[in-house]
Each structure stands twice: as structure tokens, then as C-alpha cells.
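Scroll down for the structure; my scribbles are underneath it.
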Amino acid sequence: MELNPFDVVKRQIDIVAKEMGLDPNITKYLKRVERALIVSIPIIMDDGSLQIFDGYRVHHLTVRGPGKGGIRYSPEVTLDEVKALATWMTWKCSLLKLPLGGAKGGVCVDPRKLSRGELERLTRRYTSEIINIIGPDIDVPAPDVNTNAQVMAWIMDTYSMNKGRSIPGVVTGKPIEIGGSVGRESATGMGLFYVLEAMYEKLNIILKTQSIVIQGFGNVGGWIARILYEHGCKILAVSDISGGIFYPDGLEIDKLLDWTQKGNYLKDYSDKRYKLITNEELLTIECDILIPAALENQITQDNAHNIKSKIVLEGANGPTSPKADKILFDKGIHVIPDILANAGGVCVSYFEYVQDIRAYFWDIDRINRELKRILLEAFEEVYKVTKERKIALRTAAYIISVSRIAKAIELRGFFP
Ligand code: GLU
């Protein structure tokens with residue numbers, strides 16, 4: 001069954017509103033977005049034909065500061081998906097106490113089917129279409145599924161050319177040469193690792209001894225695979241959109257990363273020992289830690305009963321549906337929620353934004369030290385509420401994040 005991601009968001013708000021006795025006016029307010037811009041992006045393709053793509057940029061809530069959130073390029077992008085992703089960014093920024101709100105953008109396109117020139121034209125035209133609602137003090141985009149530092153460079157350039165001066169603080173996740181931050185590329189992976197380490201300390205288990213399964217092998221899945229592999233963990237299976245590979249003795253992640261970084265799919269990697277599996281099969285492999293690091297709605301009521309890990313660490317945004325959450329909770333599986341687990345990305349994005357605005361750059365030690373400090377503080381807070389109230393980590397994270405937002409709304413009041 002296809003779940004509408006924005007319905008999932010509203011369901012999650014209802015769950016937390018009930019748990020914390022949230023003011024019904026605020027509950028109502030949180031279930032809509034501040035603004036949603038729909039644009040059409042006409043591009044002359046290399047063969048001379050015109051193609052028109054749909055694009056979106058959504059601000060969910062900017063009560064605590066400018067909007068922040070990635071831009072994804074994917075044929076599955078819909079307005080409701082972008083609204084859901086923008087809302088999750090609001091919770092994530094608030095949980096980390098970043099002075100930022102929630103936003104997200106998307107273009108409905110399969111970028112693998114575009115030439116480099118077409119991709120650049122698409123990015124520049126999309127940027128001009130949303131130019132009035134982005135900016136360092138309005139809304140600051142970043143990479144997400146299928147976008148990268150090069151795409152951010154084109155956005156920064158298009159915005160700057162229109163304003164008549166270089167404005168690096170309009171996007172984060174840029175190349176270092178034009179105002180990007182060291183440590184931004186690995187940030188989501190590092191963040192996942194710091195949070196996982198903290199969880200294992202609480203559980204009193206040595207992380208090194210654990211077996212791992214990862215869905216997704218892009219920026220998030222690839223980095224956490226590398227970090228855990230180098231840490232000494234056994235990675236049993238990984239997957240990309242072509243499917244997954246499985247080897248109970250542990251995959252050689254370094255070689256697989258070399259392979260996929262050259263543009264190859266995992267399924268074409270030739271090692272006779274590795275078994276090809278589907279993305280669905282991968283989720284139900286017996287392991288200690290399952291890391292969904294691809295798209296939303298992967299663990300649902302249909303397959304949650306078959307999950308055989310002890311921990312689910314959410315690298316993706318929204319990979320677990322509310323019904324699946326309940327099933328996993330009843331089975332005693334700890335789900336470390338997206339808004340905490342994968343928040344390292346937006347955290348270092350915030351550092352990049354601060355560095356751009358101050359025109360003063362930090363070294364990698366400072367980036368990772370401050371990243372760890374902020375994430376561990378959020379983790380401790382979430383863990384404490386989980387223990388006190390005997391609730392799931394997600395509910396605890398939401399209570400903390402939503403309380404902070406509710407307070408901000410109360411203080412500012414409703415205009416006029
Ligand atoms: N796309 C990432 C996320 O979902 C990063 C957003 C950002 O850095 O603004 O958290």
C-alpha cells in the first residue's frame with residue numbers, strides 16, 4: 001500500500017500531540033505548511049526538444065529562523081512528499097537547537113537520464129524560479145537525494161549572478177573552493193556513527209562486534225558503511241536502486257565504494273561469493289543493526305513483522321511508517337529516529353552557513369568536535385525522556401522538538 005508521506009507526518013503530529021497534551025491550536029498549525037511554491041521548468045534538451053519538469057520549494061515553519069533543507073531530484077517527487085520532508089526538517093533543526101526552520105525542495109526528474117548540460121540548465125532555471133523565496137536570511141537549500149556539491153555550486157552561482165555579487169550563504173553543501181565546509185560531505189555518516197556509539201554505550205554492548213545491513217549506498221549509506229567498516233563492524237549487505245548484495249562473512253566495503261564511485265551499480269559487481277538480493281529481502285536479513293538510508297516508507301506494516309535487527313538506525317528521512325513504528329516498538333526493536341540519527345548533515349550545513357556569513361572557516365577537528373557535542377546533547381535529552389516516559393525514541397525526540405517550537409509560537413503569537 002502506498003502511503004502519502006504528508007499523511008504520515010500528520011499522523012506523527014497527532015501521536016505526539018496526544019502524548020504531550022499539546023494545545024489544539026498549535027497542533028492544527030503544525031499540520032500545514034507556511035508556503036509551497038510550484039514551478040514549471042522548461043528545458044531545451046540536447047536534441048532540440050522541449051521538456052517541462054515540475055519543481056517545488058516548501059517552507060513548513062520558519063518561526064525559529066530561516067528555512068533549511070535539501071533539494072532532491074527524483075522521478076517520484078510530489079508536492080506532498082516535499083511538504084513531509086520540509087516538516088521533518090523543522091523537527092530536526094529544533095531538536096538540535098539550530099536557529100533554523102524547516103524547508104525542502106524537489107524536482108520531478110530522473111537526473112541519470114540528463115546530460116551534464118541539461119542538468120545544469122535545469123538547476124539554473126529551477127533556481128531562478130524559486131529565487132524570491134530563498135536567500136541566506138530566508139531559506140537555505142542543501143543537497144539531498146541525487147543532488148551534490150556541483151548542483152549547489154550552480155545554485156549559488158545563479159543566485160549570485162542575479163543579485164550582482166557572490167552570496168555563498170544561499171546554499172550549503174557547496175564545494176570547499178567556493179565557501180563549502182570541510183566535513184560536510186561525511187557529516188550525515190559521522191552523525192549516524194556518533195549517535196549509534198552513544199546508544200551502544202547505553203546498551204553496554206561493544207559496537208565493533210555488531211553486524212550491519214544498509215539499504216542505500218549514496219552519500220548517507222556509503223559514508224556510514226565506510227565508517228562502520230573501518231571501525232571493524234561486519235557489513236552483511238548493502239543495496240542501491242539496482243538491488244542489493246549479501247555476504248554473511250562481511251562485504252569488502254572499500255572495494256564496493258571504489259566500484260560505485262565510478263558510476264557502476266552494485267548488482268554488476270563481480271564477486272562470486274556475494275549473493276544478489278532485492279531491496280525487500282535486504283530489510284529482513286537477520287542482523288544487529290539495520291540502517292535504512294535510501295527513501296521514505298521502506299518499513300511499513302507489511303514488512304515490519306519480518307524485521308530481525310535489534311536496532312533500526314534511520315539514515316533516510318521517514319523510512320518507517322507510524323504503524324511499523326508500533327510493531328517494532330512492541331517487538332523491542334530500538335528505532336533511532338531520522339530527526340536525531342541523520343541530523344549530522346544539517347548540523348554541519350549550519351556550520352557552513354555560519355562560516356560563510358562570518359567569512360571565517362573552521363578546521364575539520366572543530367567541525368567534528370562541535371558536531372559530536374550537539375548530537376550527543378540531543379541524544380542524551382531524547383534518551384532521558386524515553387526512559388522517564390517509557391516511550392519510543394521517536395516520540396521522545398518529537399516531544400522535545402515540538403515543545404521548543406510550541407514555545408516559540410506562543411512567544412511570537414499569531415500575526416496580526
Ligand atoms: N538533505 C539533508 C537532510 O535531509 C540536509 C539538509 C541541509 O543540510 O539543509 O537533512
Side-chain angles (χ1 to χ4, degrees), residues 5 9 56-62 64-74 77 81-96 98-107 130 134-149 151-152 155-156 168-175 179-192 195 216 218-224 292-296 313-319 336-357 367 371 374-375 378 397 401:
V9 159
Y56 310 93
R57 186 74 192 170
V58 172
H59 299 169
H60 170 252
L61 194 69
T62 57
R64 288 177 33 85
K68 189 82 195 79
I71 290 170
R72 66 172 55 180
Y73 288 173
S74 145
V77 163
E81 183 195 34
V82 180
K83 281 162 74 176
L85 291 161
T87 314
W88 288 323
M89 288 309 301
T90 303
W91 312 146
K92 208 184 287 188
C93 292
S94 167
L95 183 66
L96 265 56
L98 307 180
L100 298 166
K104 203 82 174 198
V107 178
I130 63 167
I134 59 169
D137 47 8
I138 306 173
D139 168 19
V140 183
D144 198 80
V145 174
N146 293 336
T147 55
N148 56 22
V151 171
M152 297 307 115
I155 297 177
M156 182 268 202
V170 64
V171 279
T172 59
K174 297 176 295 294
S181 176
V182 290
R184 174 60 187 87
E185 214 194 276
S186 57
T188 312
M190 286 307 289
L192 284 163
V195 170
N219 176 269
V220 180
W223 271 102
I224 188 62
L295 294 172
E296 55 272 13
L313 179 71
E314 293 188 332
N317 291 312
I336 310 183
D338 47 6
I339 63 167
L340 173 65
N342 74 30
V346 73
C347 189
V348 177
S349 270
Y350 168 61
F351 299 158
E352 179 174 335
Y353 168 76
V354 169
Q355 293 171 84
D356 287 340
I357 287 171
I367 294 281
L371 170 65
I374 291 178
L375 285 177
S401 168

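Order of appearance sets the numbers: ligands from 1, and atoms from 1 within every ligand.
- Heavy atoms of Thr188 found under 4.0 angstrom from ligand 1: none, in either backbone or side chain.
- With values rounded to the nearest 0.5 angstrom, Leu192 atom CG is found 11.5 Å from Ser186 atom OG.
- Residue contacts with ligand 1 for Arg72 are absent, since no atom lies close enough (heavy atoms, distance under 4.0 Å).
- Considering only non-hydrogen protein atoms, atom 7 (C) of ligand 1 sits nearest to Ala142 CB, 3.3 Å.
- Among protein heavy atoms, the minimum distance from atom 5 (C) of ligand 1 is reached at Arg184 NH2, 3.6 Å.
- Of all atoms in ligand 1, numbered sequentially from 1 with element shown, those under 4.0 Å from a heavy atom of Met89 are 3 (C), 4 (O), 6 (C), 10 (O).
- In terms of polar-atom proximity, Lys92 is counted as a contact of ligand 1, with an N or O under 3.5 Å from an N or O of the ligand.
- The shortest separation from a heavy atom of Pro143 to ligand 1 is under 4.0 Å, placing the residue in contact.
- The two residues Ser94 and Ser401 come nearest to each other via the heavy atoms OG-O, 2.8 Å.
- Here the NE2-OG1 distance, from His59 to Thr90, works out to 10.5 Å after rounding to the nearest 0.5 Å.
- With sequence neighbours left out, Asn317 forms a side-chain contact (heavy atoms from CB on, under 4.5 Å) with Leu85, Trp88, Lys92, Lys104, Asp144, Asp338, Asn342.
- Between the SG atom of Cys93 and the NE2 atom of His60 there is a distance of 12.0 Å, given to the nearest 0.5 Å.
- One distance of note links OH of Tyr353 with CG of Leu100; it measures 6.5 Å at 0.5 Å rounding.
- Annotation for ligand 1: atoms under 4.0 Å from non-hydrogen atoms of Lys68 are 7 (C), 8 (O), 9 (O).
- The environment of CD in Glu296 is crowded: more than 12 heavy-atom neighbours from other residues, nucleotides or ligands sit within 6.0 Å.
- Protein heavy atom closest to atom 8 (O) of ligand 1, with residue, atom name and distance, is Ser349 OG, 2.5 Å.
- Of all the heavy atoms of Lys104, the ones lying under 4.0 Å from any atom of ligand 1 belong exclusively to the side chain.
- Under 3.5 Å, the side chains of Arg72 and Thr147 contain no donor-acceptor pair of N or O atoms.
- Taking a 4.0 Å cut-off on heavy atoms, Glu352 fails to register as neighbouring ligand 1.
- Of the protein's non-hydrogen atoms, Asp144 OD1, 2.7 Å is the one closest to atom 1 (N) of ligand 1.
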